[in-house]
Amino acid sequence: MAQEDVFKKLVAHCKEYGFVFQSSEIYDGLGAVYDYGQNGVELKNNIKKYWWDSMVLLNENVVGIDSAIFMHPTIWKASGHVDAFSDPLIDNKDSKKRYRADVLIEEQLAKYDDKIEKEVGKARKRFGDSFDEVQFRETNARVLENQTKRDALQNRFVKALNDSNLDELRQTIVDEEIVCPVSGTRNWTDVRQFNLMFSTEMGATADGAQKVYLRPETAQGIFVNYLNVQKTGRMKIPFGIAQIGKAFRNEIVARQFIFRMREFEQMEMQFFVRPGTDPEWFQQWRQTRMNWHQALGFGSENYRFHEHDKLAHYANAAVDIEYRFPFGFKEVEGIHSRTDFDLSQHQKFSGKKIQYFDPELNESYVPYVIETSIGVDRMFLQIISAAYSEEELVSEDGKKDTRVVLRIPAPLAPVKLAVMPLMKKDGLPEKAREIIEDLKFDFNCQYDEKDSIGKRYRRQDAIGTPFCVTVDHISLEDQTVTIRYRDTMLQDRVPISELKNIIAGEVSMKKLFAKL
RNA sequence: GCGGGAGUAGCUCAGUGGUAGAGCAUCAGCUUCCCAAGCUGAGGGUCGCGGGUCCGACUCCCGUCUCCCGCUCCA
């Protein structure tokens with residue numbers, strides 16, 4: 001089966017079995033926004049619990065917070081998002097290629113530099129040791145001509161950027177006769193500004209309102225609370241702050257189902273360390289995080305690290321953990337060494353001292369930060385992708401058959417067990433209800449009496465229920481039931497009184513933590 | 001945002017200028033009983049939405065929304 005087909009089936013399966021629906025579907029939907037259904041929300045909550053517990057419960061030096069989505073607008077200036085999240089884009093009408101207008105102009109500046117360096121290089125070769133480079137640069141006609149053009153372009157470019165003058169940016173591209181590298185033409189569209197941050201207004205009256213942004217990442221909520229948590233929690237470096245929350249990005253192109261959404265959820269942990277120890281903590285967290293992923297048992301060969309060669313403005317090291325999705329290896333989690341960039345920026349913009357007094361060193365410093373950042377929705381998609389399988393079965397009498405089963409790790413499964421009477425009579429339904437009454441406070445249970453028992457098993461397979469408990473006539477005599485396992489389809493007969501223990505052992509998060 | 005393709009029942013799809021179909025799924029009843037597809041019956045669609053042409057539009061035209069593929073972007 002082709003991989004795209006697998007992906008299509010996944011999307012269909014997610015809808016058909018109540019995992020993921022398109023947002024506002026009865027109104028034709030809303031682009032790149034999705035809702036989680038009755039089973040999806042359970043799986044999602046379990047993923048968050050797996051992460052949260054592995055961070056906050058398992059590490060005594062990691063604590064959690066829940067910061068607001070709205071934050072002071074200056075935070076986004078300090079973080080660099082106001083500048084970096086808004087790109088002026090221009091399309092070439094012939095090649096249909098899109099470029100960042102500022103990048104095109106920067107490349108043009110580089111071309112002037114190349115021309116100048118070429119002249120200088122030629123002269124150096126010609127004159128050898130006696131070459132006076134400074135004088136050459138100041139006097140050579142060709143160098144001066146290019147330098148003048150370059151400076152003029154530079155000034156014009158900076159002014160246009162500062163004024164956010166998009167027409168001027170376009171005119172600059174036209175005047176410089178910049179061509180599309182693909183089509184070679186100068187048939188450009190207008191320059192348009194894409195702001196990747198959503199904004200709204202706070203304050204009821206129009207004149208008193210201030211522009212606020214929906215956070216494009218949860219990290220800043222942690223940084224601006226660094227002092228609060230460190231002081232009130234009496235935290236000693238190294239320590240971490242974890243947070244799970246929604247973030248919003250107005251993506252130009254948001255596609256591939258829930259892989260890239262405009263409203264998404266992040267699970268982030270910022271780990272504050274002594275400057276200079278950041279490389280070793282970076283190594284440690286990258287391994288810890290990989291272990292967390294692989295503990296789910298989907299096969300280590302399906303994961304890999306992807307080292308960044310191009311680093312974001314705040315980072316001195318960055319690596320992604322990628323999973324082999326049906327559409328290729330894609331990022332699920334990022335581990336970034338963010339240096340002291342964020343805390344220093346907030347120190348600068350807020351005017352508050354954000355430092356840690358290290359008693360061992362007897363000095364104060366701005367801590368360095370190692371960030372682990374994972375998308376809940378991507379993790380959800382990763383698990384569904386990994387868990388989805390179509391199996392060919394051959395029954396005892398040789399009949400061929402297929403089943404669709406979600407092999408979700410039991411601790412993450414939306415429904416832990418289904419209890420069903422073998423037949424809808426003779427008191428079996430009542431007995432089944434009785435069992436559910438006893439277990440429903442411990443596990444998410446489902447009752448089903450409709451259709452044949454085999455069909456009911458398949459329905460549970462399709463949503464990844466790890467255990468099916470069946471009540472038959474023997475149950476009424478000796479208080480035992482059969483428990484059928486999703487992955488093997490095998491059954492055991494066990495006393496009803498032991499059900500709780502058996503299932504609890506299998507669905508506990510401890511089962512996963514044991515592998516960390 | 002550009003180019004290409006698509007949108008008919010919960011799902012997969014058929015249909016075609018003349019009152020909307022199938023299979024599966026759902027629900028009710030019966031039957032069998034430990035691995036889907038037994039019998040009987042029922043519900044469910046203003047054919048993505050809006051406009052136009054026409055006596056008449058699911059079908060033709062225009063617009064729009066959404067999805068898929070490619071480009072582009074990705075902290």
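Note on naming: letters A, B, ... go to the chains in the order of the sequence lines (proteins, then strands), and numbering restarts at 1 for each one. Every value quoted in this text rests on a predicted model; they were computed, and no experiment measured them. Hydrogens, waters and symmetry mates are skipped; everything else that's a heavy atom, side chains included, is used.
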Does [X] reach the main-chain N or O of [Y] with its side chain, forming a donor-acceptor pair under 3.5 Å?
X	Y	answer
A:T288	A:Q284	yes
A:R170	A:A101	no
A:R286	A:I335	no

Starting at [atom1] of [X] and ending at [atom2] of [N], how long is that distance when rounded to a whole Å?
X	N	atom1	atom2	value
A:Q22	B:A6	CD	P	19 Å
A:E392	B:A36	CD	C1'	14 Å
A:K15	B:C24	NZ	P	20 Å
A:H473	B:U32	NE2	P	11 Å
A:Y485	B:C34	OH	C1'	15 Å
A:F259	B:C68	CZ	C1'	17 Å
A:Q38	B:G10	CD	C1'	12 Å
A:I453	B:U32	CD1	C1'	13 Å

How about [X] and [Y]: are their ring centroids closer than 6.0 Å?
X	Y	answer
A:Y34	A:Y36	no
A:F443	A:F467	no
A:Y226	A:F272	yes

**OP:** Classify the side chain of A:R260 and the base of B:C74 as holding, or not holding, a donor-acceptor pair under 3.5 Å.
**Re:**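 By the distance-only test, yes, there is a pair.
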
Original post:
Between the base of B:C11 and the side chain of A:E16, is there a donor-acceptor distance below 3.5 Å?
Top reply: no

Among [options], find the nucleotide with the atom closest to the side chain of [X].
X	options	result
A:T482	B:U26, B:A36, B:C34	B:C34
A:Y34	B:C35, B:C67, B:A37	B:C67
A:R458	B:C33, B:C34, B:C35	B:C35

**OP:** Using the closest heavy atom to pick a nucleotide of RNA chain B for each, name whichever of A:K450 or A:A12 lands nearer the 5' end.
**Re:** A:A12

**OP:** For A:D451 and for A:R484, locate the closest nucleotide of RNA chain B by heavy-atom distance; then report the residue assigned to the nucleotide nearer the 5' terminus.
**Re:** A:D451

If pairing requires Watson-Crick or G-U wobble contacts with both distances under 3.5 Å, which nucleotide is the partner of [N]?
N	value
B:C33	none
B:U26	B:A42
B:G3	B:C69
B:A57	none
B:G21	B:C13
B:C47	none

Could you work out the separation of [N] and [M] based on their [atom1] atoms and round it to a whole Å?
N	M	atom1	value
B:G10	B:U46	P	9 Å
B:A20	B:G44	C1'	13 Å
B:G38	B:C24	C1'	16 Å
B:G52	B:G3	C1'	27 Å
B:G7	B:G15	C1'	15 Å

Original post:
A:R378 side chain N/O closer than 4.0 Å to the phosphate oxygens (OP1, OP2) of B:C74?
Top reply: no

Taking any heavy-atom pair under 4.0 Å as a contact, classify [X]: base, sugar-phosphate, or nothing.
X	result
A:D472	base
A:S373	nothing
A:R403	nothing
A:E331	nothing

**OP:** Check the surroundings of atom CZ in A:F70: do more than 12 heavy atoms from other residues, nucleotides or ligands lie under 6.0 Å from it?
**Re:**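 No, because the 6.0 Å sphere around CZ of A:F70 holds 12 heavy atoms or fewer from other groups.
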
Original post:
Taking the six-membered ring of A:Y303 as reference, does the NZ or CZ atom of A:R324 fall below 6.0 Å from its centre and within a 45° cone about the axis?
Top reply: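 No, a cation-pi geometry is absent between A:R324 and A:Y303.
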
Hey, what are the protein-to-nucleotides 38-42 of chain B N/O distances that come in under 3.5 Å?
none

Original post:
Do A:E390 and A:K9 sit within salt-bridge range, that is, some charged N less than 4.0 Å from a carboxylate O?
Top reply: yes

